[in-house]
Peer 1: 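I'd like to ask some things about the structure below.
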Amino acid sequence: MQFIPQILFALLTTAAIFLFVKNITEIKKNILSGRDEDLTDHPDLRWKNVLLLALGQKKMFKNPLVAMMHLVVYGGFIIINIEVLEIVLDGLLGTHRLFAAFLGNVYPWLINAFECLAVLVMIVCAVFLIRRNILKLKRFASNDLNGWPRSDANYILCTEIILMLLFLKMNASDTLLQSRGYGHYAAHITGNFCCSAFMHPILNHFSSGMLVFTERCCWWLHITGIFAFLNYLPYSKHLHILLAFPNAYYARLETQGKMANMPEIQQEVLYAMQPELAPAADTVPENPKKFGAKDITDLSWKNLMDAYSCTECGRCTAACPANLTGKLLSPRAIMMKTRDRMEEAGKSRKANNQGDQSGKTLLRDYITEEELRACTTCNACVEQCPVSISPLDIILQLRRYLVMEESSAPQEWNAMFSNIENNFAPWKFAPDDRDQWINETA
């Protein structure tokens with residue numbers, strides 16, 4: 001009978017890991033449905049990005065107070081995993097506080113540090129809940145977040161508070177049982193911990209049996225909650241906790257504002273200048289190249305990873321001049337819609353086993369022409385993103401498809417295109433007449 005808890009915990013752990021791997025595999029398939037792009041040059045700079053952007057959260061420190069609060073929550077997520085490791089090993093091996101004997105006097109110091117961090121995490125999560133739901137900061141009150149995205153953030157913040165409370169209550173019950181010399185709890189006398197000790201007056205009147213029940217309940221709920229959180233990540237914006245690292249590594253290293261040339265267009269220009277290099281008129285390529293992007297399969301895998309890495313923080317939209325002047329464009333919505341389209345296509349492929357049969361495309365079914373045309377290509381959204389996401393690249397590729405594949409552009413744009421083609425400048429003046437203003441001012 002003493003092995004039943006271990007067997008149950010092993011089953012729980014196996015199920016949690018299996019489901020997580022399954023969900024992450026689906027996300028990987030969705031990302032790799034995009035076209036190939038080589039982003040492996042300059043590994044030294046890429047690792048620097050990982051350290052500064054993903055781990056150090058460099059861009060967040062433009063607002064130091066918010067950056068420090070975010071760092072507390074993020075640090076809590078990473079560091080408390082050490083405590084989770086002990087819980088998992090205890091559950092599998094049937095031990096209790098496995099690391100206590102190994103770490104000796106360091107162990108109480110480590111748990112005290114975890115408890116202080118847990119309290120800070122609860123405080124910061126409470127502040128974030130107030131900012132979102134009471135103060136209602138503009139970027140959190142946007143229509144982009146209506147429905148599930150707004151609830152998602154609140155669920156995560158509340159869950160983190162509950163998990164930290166369970167951790168503290170578990171430690172409080174444990175240390176009380178140690179002081180009473182009860183059962184195996186007396187095997188490792190760690191002494192009281194700095195934060196959970198404040199719960200002792202509440203729990204001290206409990207019988208030893210009730211304290212054991214409380215400690216075990218908190219232990220099971222804490223680790224089950226962490227496993228549940230792990231499997232909630234693939235459905236949540238908090239997937240960026242994991243994807244921020246590869247996304248920072250594979251970030252584009254070119255100067256911001258540099259637009260990627262399309263080799264196909266360069267080739268057409270070459271053919272116009274050197275017609276003898278052009279293929280025969282009756283030669284039709286088997287897979288003609290598409291200009292720009294209409295759907296997610298036309299975007300690169302990095303664009304699709306960007307969509308999954310989006311934190312939905314809204315800093316991009318808050319900095320967007322088009323959005324600030326009342327235009328429909330929201331860079332955050334561009335990323336969210338791209339991710340939604342990936343999810344729909346992935347479900348369709350899985351259901352039909354014959355590729356995406358939904359009949360929808362990213363362009364128009366998810367992102368409208370009005371949104372794309374409002375973009376000024378100023379790069380404000382790219383500059384503001386904490387994890388180096390580029391909504392602009394997706395916007396440019398969709399807009400290129402509109403103009404170059406469908407010849408769909410506003411009348412003012414078409415006039416400019418015509419002038420550039422005929423007069424080599426956006427203005428309706430022949431090249432020979434451009435210097436006539438000199439005579440007019442003489």
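Quick caveat, the model's predicted, so the values are computed rather than measured.
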Peer 1: Between Leu177 and Ser208, what is the shortest heavy-atom contact and its length?
Peer 2: CD2-O, 3.7 Å

Peer 1: Check for a donor-acceptor pair, side chain of Glu215 on one end and backbone N or O of Asp174 on the other, with a separation under 3.5 Å.
Peer 2: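 It does not hold such a pair.
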
Peer 1: Minimum heavy-atom separation for Ser309 and Val387, please, with both atom names.
Peer 2: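 Here Ser309 and Val387 meet closest at O-CG2, 4.0 Å.
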
Peer 1: Looking at Arg332 and Ser142, would you say the former's side chain and the latter's main chain have a donor-acceptor pair under 3.5 Å?
Peer 2: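 Not a single qualifying donor-acceptor pair exists.
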
Peer 1: State, to 0.1 Å, how close Leu53 and Ser388 come at their nearest heavy-atom pair, and which atoms those are.
Peer 2: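 Minimum heavy-atom contact is CD1-OG, 3.0 Å.
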
Peer 1: Apply side chain to side chain donor-acceptor pair (under 3.5 Å) to Tyr308 and Glu343, showing your working.
Peer 2: CA-CA 10 Å; Tyr308 271 119; Glu343 289 291 313; 2.3 Å; yes

Peer 1: So for atom CZ, which belongs to Phe198, do other residues, nucleotides or ligands contribute more than 12 heavy atoms lying within a distance under 6.0 Å?
Peer 2: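 Result for CZ/Phe198: open.
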
Peer 1: Under 6.0 Å between ring centres, would you say that holds for Trp219 and Phe9?
Peer 2: yes

Peer 1: Please work out which of the three classes, parallel, tilted or perpendicular, describes the rings of His70 and Phe128, given edges at 30° and 60°.
Peer 2: tilted

Peer 1: Work out which heavy atom in Val121 is nearest to a heavy atom in Glu160; give both atom names and the distance.
Peer 2: CG1-OE1, 4.0 Å

Peer 1: Hey, is Arg252 close enough to Asp393 for a salt bridge, meaning N to O under 4.0 Å?
Peer 2: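 Answer for the salt bridge query: yes.
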
Peer 1: Among residues at least two apart in sequence or on other chains, which ones pass side chain to side chain donor-acceptor pair (under 3.5 Å) with Arg339?
Peer 2: Glu312

Peer 1: For Arg150 and Asn146, does a side-chain donor sit closer than 3.5 Å to a side-chain acceptor?
Peer 2: yes

Peer 1: Roughly how far, to the nearest 0.5 Å, is the OH atom of Tyr250 from the CG atom of Leu243?
Peer 2: 12.0 Å

Peer 1: Asp44 and Lys48: salt bridge (charged side-chain N to carboxylate O under 4.0 Å, His left out), yes or no, with the steps?
Peer 2: CA-CA 6 Å; Asp44 53 334; Lys48 183 179 178 181; over 6 Å; no

Peer 1: Where do Ser300 and Asn303 land on the side chain to side chain donor-acceptor pair (under 3.5 Å) test, with the steps shown first?
Peer 2: CA-CA 5 Å; Ser300 78; Asn303 296 134; 3.2 Å; yes

Peer 1: So, taking the atom named CG in Leu211 and the one named CG in Asn204, what distance separates them when rounded to the nearest 0.5 Å?
Peer 2: 8.0 Å

Peer 1: Can you tell which of Arg315, Lys62, Lys59 makes a side-chain hydrogen bond (donor to acceptor under 3.5 Å, both in side chains) with Glu383?
Peer 2: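 For Glu383, the side-chain hydrogen bond (donor to acceptor under 3.5 Å, both in side chains) test succeeds with only one of Arg315, Lys62, Lys59, which is Lys62.
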
Peer 1: Looking at every heavy atom in both Ala319 and Gln384, which two are closest together, and how far apart are they?
Peer 2: CB-CG, 3.4 Å

Peer 1: Yes or no on side chain to side chain donor-acceptor pair (under 3.5 Å) for Ser236 and Asp152, after CA distance, side-chain angles and deciding distance?
Peer 2: CA-CA 7 Å; Ser236 167; Asp152 175 32; 3.0 Å; yes

Peer 1: Distance check, rounded to the nearest 0.5 Å: Thr175 atom OG1 versus Met199 atom CE?
Peer 2: 10.5 Å

Peer 1: For Tyr185 and Tyr182, take the angle between the two ring planes, folded into 0 to 90°, and tell me which bin it lands in: parallel under 30, tilted 30 to 60, perpendicular over 60.
Peer 2: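 The rings of Tyr185 and Tyr182 sit tilted, inter-plane angle from 30° to 60°.
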
Peer 1: Does this structure show an ion pair linking Arg46 with Asp41, if we count only N-O contacts that are shorter than 4.0 Å?
Peer 2: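 Result for this pair is yes, salt bridge flagged.
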
Peer 1: Checking side-chain contact (heavy atoms from CB on, under 4.5 Å) for the pair Met69/Val73: CA distance, chi angles, key distance, verdict?
Peer 2: CA-CA 7 Å; Met69 291 193 293; Val73 176; over 6 Å; no

Peer 1: Does either side chain, that of Asn30 or that of Glu26, offer a donor lying less than 3.5 Å from an acceptor on the other one?
Peer 2: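 Short answer, no.
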
Peer 1: One pair to check against salt bridge (charged side-chain N to carboxylate O under 4.0 Å, His left out): Glu412 and Arg373. What are the steps and the verdict?
Peer 2: CA-CA 12 Å; Glu412 296 82 1; Arg373 288 170 180 164; over 6 Å; no

Peer 1: Looking at Trp47, I want to see if its CH2 is surrounded by more than 12 non-hydrogen atoms of other residues, nucleotides or ligands under 6.0 Å.
Peer 2: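 Check fails, neighbour count at 12 or below.
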
Peer 1: Do the non-hydrogen side-chain atoms of Leu329 and Ile395 ever get within less than 4.5 Å of each other?
Peer 2: yes

Peer 1: Looking at CG of Leu163 and SG of Cys218, how far apart are the two atoms once the value is rounded to the nearest 0.5 Å?
Peer 2: 11.5 Å

Peer 1: For the atom pair CG (Leu19) and OG1 (Thr14), what is the distance rounded to the nearest 0.5 Å?
Peer 2: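 It is 10.5 Å, given to the nearest 0.5 Å.
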
Peer 1: Any side-chain to backbone donor/acceptor pair from Asn231 onto Ala16? Under 3.5 Å, distance only.
Peer 2: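 Side chain of Asn231 to backbone of Ala16: a pair is present.
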
Peer 1: Filter on salt bridge (Lys or Arg N to Asp or Glu O under 4.0 Å), then keep only pairs touching residues 223-241, sequence neighbours left out; what's left?
Peer 2: none

Peer 1: Taking atom CD of Glu370 as the centre, does the number of heavy atoms from other residues, nucleotides or ligands within less than 6.0 Å exceed 12?
Peer 2: no

Peer 1: Asn247 and His240: side-chain donor and acceptor closer than 3.5 Å?
Peer 2: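 No donor-acceptor contact under 3.5 Å links the two side chains.
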
Peer 1: Give the minimum heavy-atom separation between Ala409 and Val403, together with the two atoms involved.
Peer 2: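 Nearest heavy atoms, Ala409 then Val403: CB-CG2, 4.3 Å.
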
Peer 1: May I have the step-by-step check of salt bridge (charged side-chain N to carboxylate O under 4.0 Å, His left out) for Glu344 and Arg341, ending in yes or no?
Peer 2: CA-CA 5 Å; Glu344 181 189 50; Arg341 170 64 188 134; 3.0 Å; yes

Peer 1: Has the side chain of Gln6 got a donor or acceptor atom that lies under 3.5 Å from a matching backbone atom of Phe3?
Peer 2: no

Peer 1: Kindly indicate, with the supporting measurements, whether the criterion side chain to side chain donor-acceptor pair (under 3.5 Å) is fulfilled by Tyr366 and Asp295.
Peer 2: CA-CA 10 Å; Tyr366 284 82; Asp295 203 5; over 6 Å; no

Peer 1: Hey, does Cys320 have a side-chain heavy atom less than 4.5 Å from the side chain of Ser330?
Peer 2: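 A side-chain contact under 4.5 Å is absent here.
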
Peer 1: What distance separates Arg97 CZ from Ile87 CD1, expressed to the nearest 0.5 Å?
Peer 2: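 Answer rounded to 0.5 Å: 8.5 Å.
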
Peer 1: Is the OH atom of Tyr155 crowded by more than 12 outside heavy atoms at less than 6.0 Å?
Peer 2: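 Atom OH in Tyr155 is not packed in, count stays at 12 or less.
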
